[in-house]
Every structure is written in structure tokens, then in C-alpha cells.
Amino acid sequence: MATLVHQLLSAAVVLAVVQLICSYSFHNCIEDPYSNRQSFHCIHRSNKDMSNYTGDLPLSALNLTISISPLWHIPNNSFANLSNLQYLSIDNTHLWKIDQLAFQNLHQLKSLNLSCNNISELNHSLFKDLINLTSLSLANNKLKQLPEGIFSTVPSLGTLIMRQNLLTNFSGIVKSVSNLTKLRQLDLCFNNFTSLSHSNESLPKSLSVLYICENNLNTLGSNHSFLRYIKVLDLSYNSKLPAMAFQGVDLGNISYLYLQSTSVKVVEFLNISNVKAGHVDFSGTGLKNDSMLTELCKLLNKKQKKVKTLRLDNNGIEQLKNNTLDYCPNITGALHLSRNNLKRIGCLEFLSRHKQINSFDAEHNHLTSLRSCKTYLTVQFLNLEELSFRYNRILSVNRYAFYHTPNVKMLKLNINNIAFLHRHALKGLKKLETLRLDNNLLTDLFNDTFEDNFNLQILNLRNNRISVIFNRTFSSLRNLTTLDLGGNKISSFQPSGLDGLKNLAKLYLDGNNLKQIDGSLYRGFQNTLTVLDLQRNQIRFLTENISSPFLNLRKLSDLKLDGQRPYGLTILPRTLFRGLHSLKSLYLTNNKIFYLAPDVFDDLTGLHFLTLDNCCVGVTQLQPGVFKNLRNLTKLVVENMGIQNFSKEVFGNLTKLHTLQLNRNVMQSIPVDALESLPKLRYLDIRSIPLSCTCTNTLLQNYTLQNPNVQIVYLYHLPCQRDPKGRFFNFATNVCYIDLGEYLFFSTAVVIFLFTATPLLYVKLYWKMKYSYYVFRSWFSEQWSRLREEEEKCKYDAFISYNSSDEQWVMDQLLPNLEGNGSLFKLCLHHRDFELGRFIVDNIVSAVYSSRKTICVVSRKFLQSEWCSLEIQLASYRLFDEHRDVLLLVFLEPIPERQLSSYHRMRKVMLKKTYLQWPGSDCTDPMQAQDLFWNQLRRAISTGSRVKTEENDVSVDSVAPEREETEHSEKGTAEENCYLLP
Ligand SMILES: *[C@@H]1O[C@H](CO)[C@@H](O)[C@H](O)[C@H]1NC(C)=O
Ligand SMILES: *[C@@H]1O[C@H](CO)[C@@H](O)[C@H](O)[C@H]1NC(C)=O
Ligand SMILES: *[C@@H]1O[C@H](CO)[C@@H](O)[C@H](O)[C@H]1NC(C)=O
């Protein structure tokens, strides 16, 4: 009842709220949490109209992304209400039509991304207002050409991306961009250019990065100086482009030139070009065999004594002789030999002349093993710090395999088939900081495998086949901060398996076969561990009673326990999270938990993020107070938990909660007071909840529509549970309010009526009320003295009520005719039988109740006396209450209906019940009439007073409605009554 009243009141308040407040939801977009109404994403939508996306976004929007949606047209002025936009992306839509004034007013726009659409045409003044535009992408469209002057209005443009179109006319492009004095980068890859020739205009001097890869270039064109300012030039995959095309072309400024898969013969090219040879990327230039490489090296050597980086990727090199690179200028930086066909790498003997080399990679080759390099011939590369053999087929790494590169800091051996890593393979790598051994076939690690790598900081062993971690495996890795053992088959650690890891901060054990959490393993790094990932193991609790495994992990901020296979955690022991006061994120999804104890999260006072998405079996009963200590929680995901009730008792304590994802639960309503108890809530996702569109949710509807602070994700698309076509936000609530209106109307009406009628009634019915009071008193006294009255009941046959002015008639006529004269009636007369000293009302009451009948002698005087009326009243009362017809009316004189009507009740009795008219002396045969009168009266007195049952429904309320006082009605009633006089 209280809640109903509360709801009614709040509904009334809500009704009173002015409708000006905008709802905080967007038809097709989601505001990024924490972006303060500045950043919006509209992804995977089904609307085709631009206005449906932008129509309800606020002016404060700076970033807008519309993606993966069937939008096809941007009409004029689409962003009129978004004039502050700085970043606009409309990508991966069906867009093909953009009206001339589509981007009008976007003076602040810095970046426009229109990639991955179907645009084939652009209007020449499309970008007119985009004076601040610095980045424009038209990639992956169907543009064949650009209209003249299209970029004349975007003077700030720095990056222009037009890759993957159908452009053919380079001259047109140059014309369009020639006055973009800030253009730095132009991407024209994947088009249909065959030549770069163009007319008078030239590329802007500011342009330094030019990509024209994957075209059909076969010549560069007439103008020899047009690439003069270019620093980075990508001409790769223009398979018909010959070296001769570069004849005379000024490439003096080039710092990186990419020529892969062209027809350029590099030696020929270097001979005719002014490019700095060391800045050319020789990848994919067909330098397959030793002689070609030797020739290149000699040529390079002629031009320069040193080269920083030599890129020889993708040349199909199968092997390098020891002296092949000897002719090259000194490589001081990196040598790239990735994507060749190398089967052997030896001990980098082919680099013996390049001892200063600092980085070497041979990724994507066919290496099968790394041999030992601890031989007396070995050359050591003391500057080499980065070494990568990723993506090979290495099966075994032998002892001292890196003896020649003792100062390597970064070693990448990942994505190979390493099954055998000799226990001394990594010997000597005392400077090693990062070791990638992930995605191999390792099964065993020995306690001396990492013996020398005491500077290691990151060790990645993910996705191998390690099943046991033996004692002291990592004992020398005192500087290790990150250990990734995910995706192995680890089912157990020996007791000191993780000893020695004094600085470990991140430990990944996800995707293993661990069956329990052994807190003692973490002892060594309990003061440094921040991330512990135990996802997808086989951890399962069968009892509540465990000692807390994380008790001393003082700094742990990230704990992942999701998806334990195949049974889930099953039970979440209430002590599990004890001690985790600094935990910030906790992941418990997909765990088939049966029960969440109300105190299980009690220690997590620092938690910011909690996800329980699908954590539990069936319907989850969240206990009141389960989140009570999560004072710092800002994001809570409770999706798909079968939650039936969202209540304040459970969620009410989350005073800092900003984001709440409630989707995919089964509650049909969400109490608004629970939401209102989350003062910081800003983002609420209630999609896929069977919300019922009934009056229960009226307040929720109002909340979602009128709360200016909480974004309701895609509110306007939330369906009604019973009616998938209906929408929650606009289901009809007027029904509910009409009820309320009626309620208010009637109660007000009643109150007003009472206020108006009471004084009137008081004036009009003063006596009646007084009588009612006495009636009540009498009834009351009757109740407690019923027994006594029972005795008294038949003390008299009739109580005669009369006015003293009629005493004469009573004494002369009535008494002799009823009491004397052979009649046996015992009458009660007030002057004779009333008890002296008793309150007169009590006397009357007792007289009426102790007589079988009450005979009222009605005259004009009688009607004026209040006591007479009381007697009639009491007698009538007996009629109505006890269904005893005790009242007999004797009219001494004809009394007009008019006078009776003020004695409402009496009149009714008169109409319905018995009355006798005293035949006065003026009738034709008074004696006979008087005899008849006495006979009738005697009969009436002796008749039982009990009214027949079918008449029992006579009650005050059901007394026949007042009739018009017509002769008709009088006649009608007259016929009903058997005692009527003619
Ligand atoms: C808008 O996008 C840009 C670029 O992605 C980003 O740097 C910036 O932080 C974003 N602004 C907001 C308010 O999200
Ligand atoms: C899209 O917007 C138009 C008007 O801007 C409106 O009439 C239409 O109903 C909207 N369509 C949807 C599916 O919201
Ligand atoms: C846009 O350009 C105007 C003048 O060209 C400048 O005053 C304004 O600061 C620029 N706005 C931004 C966001 O760069």
C-alpha cells in the first residue's frame, strides 16, 4: 500500500515535471561513456536516413562515427545541428550520394573519413565549409575522377587518402591538390594510374609522403622535378614500371623508396638515379642470387661507405654465401632478410664484415634449426640487440645458439615449431630483456633454461605444451615483470615452481589445466603482482570453506577467473576474494556459479570494474547487500544472469557506478527508486530485457524519457515484451494516469461534497441528527442490556405516544377502548408509567422496547413536539433494525402530506406501513366508523410484530426512492396496505 501511494505520488510529481527536459538516449547512436556528450558511435544500425542518425545528437558533439549501416545518402545540411564536429567518420555504409551542401557549417571539422562506401562522384563544392579540415579519407570507394577545384576550400588539408578507387587521371589529382600548401601525405595506392605525367601544376612542396602502390604505372611522366620534395615514395606493385622511367627524375630528397614488385632492375636504376642508395628498399626487387647481391653491394659501396638499413626482404634468397655481403657498405643499423627462402642461417657468418649491425631479422623463412655457435671460429656481434626468427619452421634450438649475439635484448623465436629448446640454448644472453617463445611446441622447461637471463623482463611462453612447471624453473629471473604461460597444458606447479620471480607484476596462466588456485605459489611476488589471469582453466570449488588464496596479494588490481572448463567455478567461496583491497577489475563471466554469497565481494573496496556476464546457472538471486562495499565501482556488467528482480537492496550501494549493463536478463520491470539510488549513473544498457509495457513500468518509462543524466542505450528501439512491434518508450500510459485522474477526481469530489453538504445538512437536519444520536445511544444501551430488555420486552402491549394536548382523547377514548371494556391490553402511558428521575429519553427508549407496539397518536401538535418524533424514530428503528413492525400511527385529524414531508421517516412509514385515521364526528356514521377503528386497532396490536422474511430487506438504504408526491403514488401505496381506512 505504501509503495502504491509512493508510486502515485511520484507519478503525480512526474506528471508535474515540465516536458522540456530531453530524454537522454539516441535513436541510432551511443554516446561514448565519459565523453561528456562529445563522442558518438552509430554502428550496426538498420536505418537508411541520415536524419535518423544525426537528428537527435547534441550540439556539443565533437566526434561522430557512423559505420556498418545501410545509410546511402547525405542530404544537404545534414549536420546543421552539429556545427562543432571535429571528427566525422561515415565508413562501411552504402553511401553513394552526397548532396552539394551536405557538410555545410562544419567549420570546425578536422577529420573526415568516408572510406569503404560506394561513392563514385563528388560535387565540386562539397567541402566548401571545411576550412579546418586536416585529414580526409575517401579510401575504398568508386571514384573515377575528382571534380576541378574540389579541395580549393580546404586549405588546411594535411592528409588525403584516396586509395582503392578507380582513379586514372593523375593530372587531375595534381591539379586538385596543387594549392594545398599543408598537404603532407597523399595516398593513391590501388587505383588505375598508368602514368604520373601531368600538366603545369605541380605537387605542393609540403607533400612529403606519396603512396602510389598497386597501380598500373609504366612511366612516371614528363616532368622530372615533380618528386623533388617527396621523402617517402611507395611505387611498389606497379609491375610494369621499368627502371628507365626514373631517368632524370629528381629523387634527391627521398629517404625511403619502396620498389617491390616493379620491373625496376635495381642496379640499372641506381646507375641512372640521383636517389641515395641507402634509402632504397630492395625488398622484392628480384635480388635472388649471390651474383646479383654482390653486384648490388659493389654498386652501393661505390656510392657510400656506410648504410644504415639494408632491406632485402622478399627476394627469394635461398642461401647467403659467407662473403656475399662482404662487398656491401658497412651496415650500421638493420639487415632485413624476411620473407625469403632461407633454410639455414648458421651463426650469421655472412655478416662477419658488419660487426656493427644492431638488428637482424629473418622472419618468414624456412629455417628449421638454430645451431650451436660456441665454436672457436665464431664472430661475435656485440652491437646486435634485436634478433627475430619469427614465422619459421624451427624445431630445435641447440645449446649456445646465441653465443655470437651475447648482447641481444629482444629475441623473437615465436611462431615456430620449437619442440626442443636445449637447456643451454639461451646461455650467455645476460642482457636479454624480452624473449618471445610463444606459439611453439615446448613441453619442458629446465631449471637452468633461463639461468643466464637475469635481466629478462618479459617472457612469453604462451601457446606451447608445457604441462608442469618444475621447481626453480624461473629462479634466476629476478627482474621479470611479465610471465605469460597462457595456452599451455599446465596442471600443476611444483612447490617452488614460481620461486625467484621477485618482481613479477603480470602473470598469465589462462587456458591451462589448473584445477585449483594455490595461493602459496604467489608468495614470492605477493607485493608486486598486479595482474593475474586464470581464465579458462579447470578451477572448480566444491565447498564454501577454503582459505583465501589471494590473501596477501596487496597490489593485485586485475583478476580474471572467467570461463572455467567444463563445469565452471560452481561455488564461489565467500572467502575467495579476502584481502583483495586494491583489486580494480574482476572478471567472473561464464562460470555456472550456483550462488553468490552476500559477503563474497566484501573486501573489494577498491573495485572499479566487475563483470558477471553469464556467470551463473539459471536464475540468479542476487542477495541484498552483495555489492554493499563496492563503493568505487564505476562499471558493472551483469548481463545474461537471469536476474528477475532489480532492486535497491542489491544495487543501491553503488554510489560511484557510472556504467551499468543489465542486458539480457529476465526482469519485466525495473523499479525506478533502485535506479535513483545510483547517483553517478550515466550509462544504462537495458537491451534484451522483456520489459512489460504496462502500468507497472510507467515510472520507468518516465525515468528513461526524462532523466537528463543517464544515457539509455537505444531506448527508442526497446520493444515491448508482449508486443514486439510496440516500443517501450511510447507505450500508452494515459490509461494509468486516467485511473489516477479518476481517483483524484472522485476523492476531491467527495471531499468538496462533504464540505458543502455538512453545514446544509446540519441546518436542515439538526433534529434528525440529534435523533440519530439517540438512536445510536439506545442501540448501544440495548446491546449491553439486552438480557434485561428481553425480560422487559413484553411488559406492555403498546406504548402510547401522544402529545399532552391530545391527552383528553387518550384518556377518554383510547384507554377505555383498549385497556378497559373487556380488552386485555396493557398500555404504557408516559404520565402514568414512566420511571421518575430517569432521563426522559431513556424512559422513551425503554418504553418503546418494552412494548410490543408503539402507537403514535398523530396530531398537528404531536408533529411539532420533538419527543413525539423521537418515538416515531425509535419505533421505525425497530422496524428497520429488528424487522419488527412495532409502529402504529393513529391520525387524530387529517394532516396534509405537505406537513408530513419534513418528518421524512414518518412519512415513509406512513406510506408503507399501517396507519389508522380516527373517524372524527364529521363523517356520516361516526359510531360505526369508530367501532371499526377500535376493532382494527385491537387487531393491529395483537398481530405479531415480526415482519416476514421477504420483507426483511427493508433497510434505511433500500427504502424506496423518494417519489413525486402525486396522487398516483399515494393511491398506489394505499392499495398495498391492508389496514387502510376507506
Ligand atoms: C575524438 O576522436 C579523436 C581521434 O580519434 C580523439 O583523439 C579524441 O580524443 C576524441 N574526442 C573525444 C571527446 O572522444
Ligand atoms: C527517420 O526519420 C524520419 C524523419 O526524419 C522519420 O519520419 C522516420 O520515422 C524515422 N525512421 C525511423 C525508423 O526512425
Ligand atoms: C578553425 O579555423 C579558424 C580560422 O580559420 C580558427 O580560428 C579556429 O580556431 C579553427 N578551429 C579549430 C578547431 O582548429
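Heavy-atom basis, side chains included; hydrogens, waters and symmetry copies ignored. As the structure is a computational prediction, the values presented were derived from the model and not from experiment.
In terms of modelled atom types and a separation under 3.5 Å, the side chain of N707 and the main chain of N709 share a donor-acceptor contact. Although no hydrogens or angles enter the test, the distance criterion places a donor-acceptor pair under 3.5 Å between the side chain of T620 and the main chain of M641. Side chain of N165 to main chain of L138: a donor-acceptor pair is present (N/O by atom type, distance under 3.5 Å, no hydrogens or angles). Although no hydrogens or angles enter the test, the distance criterion places a donor-acceptor pair under 3.5 Å between the side chain of T134 and the main chain of K110. At distances below 3.5 Å, at least one donor-acceptor pair connects side-chain atoms of S69 with backbone N or O atoms of R45. The main-chain N or O of S135 is never found under 3.5 Å from a side-chain atom of T159 such that the two would form a donor-acceptor pair. Counting only distance, with no hydrogens or angles, the side chain of Q668 and the backbone of S692 share no donor-acceptor pair below 3.5 Å. D32 places no side-chain N or O within donor-acceptor distance of the main-chain N or O of S35, the cut-off being under 3.5 Å. Without hydrogens or angle criteria, E544 side chain to R574 main chain gives a donor-acceptor distance under 3.5 Å. Between the H581 side chain and the G606 main chain, no donor and acceptor come within less than 3.5 Å of each other.
When every heavy atom of V600 is checked against every heavy atom of R578, the shortest pair comes out as O-NH1, 4.1 Å. Of all heavy-atom pairs between L662 and M667, the closest is CD2-CE, 3.8 Å. Across A505 and L529, no two heavy atoms sit closer than the pair O-CD1, 3.4 Å. A pairwise comparison of heavy atoms in L622 and V650 identifies O-CG2, 3.3 Å as the closest pair. In terms of heavy atoms, R565 sits closest to R536 at NH2-O, 2.8 Å. Nearest approach of Q701 to F728, heavy atoms of both residues: NE2-O, 3.1 Å.
Seen from the ring of F190, R163 does not count as a face-on cation partner, given the 6.0 Å and 45° thresholds.
When only modelled atom types and interatomic distance are considered, T589 and D613 share no side-chain donor-acceptor pair under 3.5 Å. No hydrogens or angles considered: a donor-acceptor pair under 3.5 Å links the side chains of D99 and H73. Under 3.5 Å, the side chains of N77 and Q104 contain a donor-acceptor pair of N or O atoms.
Around atom OH of Y34, more than 12 heavy atoms belonging to other residues, nucleotides or ligands sit under 6.0 Å away. Open room surrounds CZ on R722; 12 or fewer heavy atoms of other groups in view lie less than 6.0 Å from it. Counting heavy atoms of neighbouring residues, nucleotides and ligands inside a 6.0 Å radius, atom CD of E121 does not exceed 12 of them. Around CZ of R184, the count of heavy atoms belonging to other residues, nucleotides or ligands within 6.0 Å does not exceed 12.
Side-chain contact between N105 and F79 is absent, with no heavy atoms from C-beta onward closer than 4.5 Å. Residues L718 and Y716 have side chains not in contact (no heavy-atom distance under 4.5 Å, counting atoms from C-beta outward). At least one side-chain heavy atom of L610 sits under 4.5 Å from a side-chain heavy atom of L630. Residues L586 and D558 fail the side-chain proximity criterion, which asks for heavy atoms closer than 4.5 Å. Using a 4.5 Å heavy-atom cutoff, the side chains of Y714 and F26 are not in contact. Under the 4.5 Å side-chain criterion, counting only non-hydrogen atoms from C-beta, H608 is not in contact with S557. No side-chain heavy atom of W96 sits under 4.5 Å from any side-chain heavy atom of N117. Residues L157 and L136 meet the side-chain proximity criterion, which asks for heavy atoms closer than 4.5 Å.
Look at K628 and D602 and you find a salt bridge, because one of the NZ, NE, NH1 or NH2 atoms lies within 4.0 Å of a carboxylate O, short of that distance.
For the atom pair CG (L561) and CZ (F550), the distance works out to 5.0 Å, reported to the nearest 0.5 Å. Note that CG of L88 is 7.0 Å distant from CG of L114, once rounded to the nearest 0.5 Å. Q661 CD to D685 CG: the interatomic distance, rounded to the nearest 0.5 Å, is 5.5 Å. With rounding to the nearest 0.5 Å, the separation of OG1 in T611 from NZ in K635 is 8.5 Å. To the nearest 0.5 Å, the span separating CG on N28 from CG on L71 amounts to 10.0 Å. Rounding to the nearest 0.5 Å places OG1 of T153 at 10.0 Å from NE2 of H124.
Note on ring orientation: taking the six-membered ring where Trp is involved, the planes of F627 and F601 are parallel (angle under 30°, cut-offs 30° and 60°).
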Apply side chain to side chain contact (heavy atoms under 4.5 Å, CB included) to residues L588 and L572 and explain how you reach the verdict. CA-CA 10 Å; L588 284 172; L572 198 61; 4.1 Å; yes
How far apart are the C-alpha atoms of C615 and N590, what are their side-chain angles, what is the distance that settles it, and do they pass the side chain to side chain contact (heavy atoms under 4.5 Å, CB included) test? CA-CA 4 Å; C615 68; N590 304 322; over 6 Å; no
Report the C-alpha distance between Y87 and L64 in whole Å, list the side-chain angles of each, state the deciding distance to 0.1 Å, and finish with yes or no for side chain to side chain contact (heavy atoms under 4.5 Å, CB included). CA-CA 6 Å; Y87 297 87; L64 172 60; over 6 Å; no
For T570 and K592, what are the C-alpha separation, side-chain angles and deciding distance, and is it a side chain to side chain contact (heavy atoms under 4.5 Å, CB included)? CA-CA 5 Å; T570 312; K592 301 182 187 143; 5.7 Å; no
Go through E31 and Y24 one step at a time and tell me if the side chain to side chain donor-acceptor pair (under 3.5 Å) criterion holds. CA-CA 10 Å; E31 179 195 324; Y24 189 9; 2.3 Å; yes
Could you walk me through whether N632 and K656 pass the side chain to side chain donor-acceptor pair (under 3.5 Å) check? CA-CA 6 Å; N632 287 306; K656 287 206 179 143; 2.9 Å; yes
Check step by step if side chain to side chain donor-acceptor pair (under 3.5 Å) holds for S125 and Q100. CA-CA 6 Å; S125 51; Q100 180 177 353; 2.9 Å; yes
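Evaluated for a side chain to side chain donor-acceptor pair (under 3.5 Å) with S67, the options N113, D91, T93 yield exactly one hit, D91.
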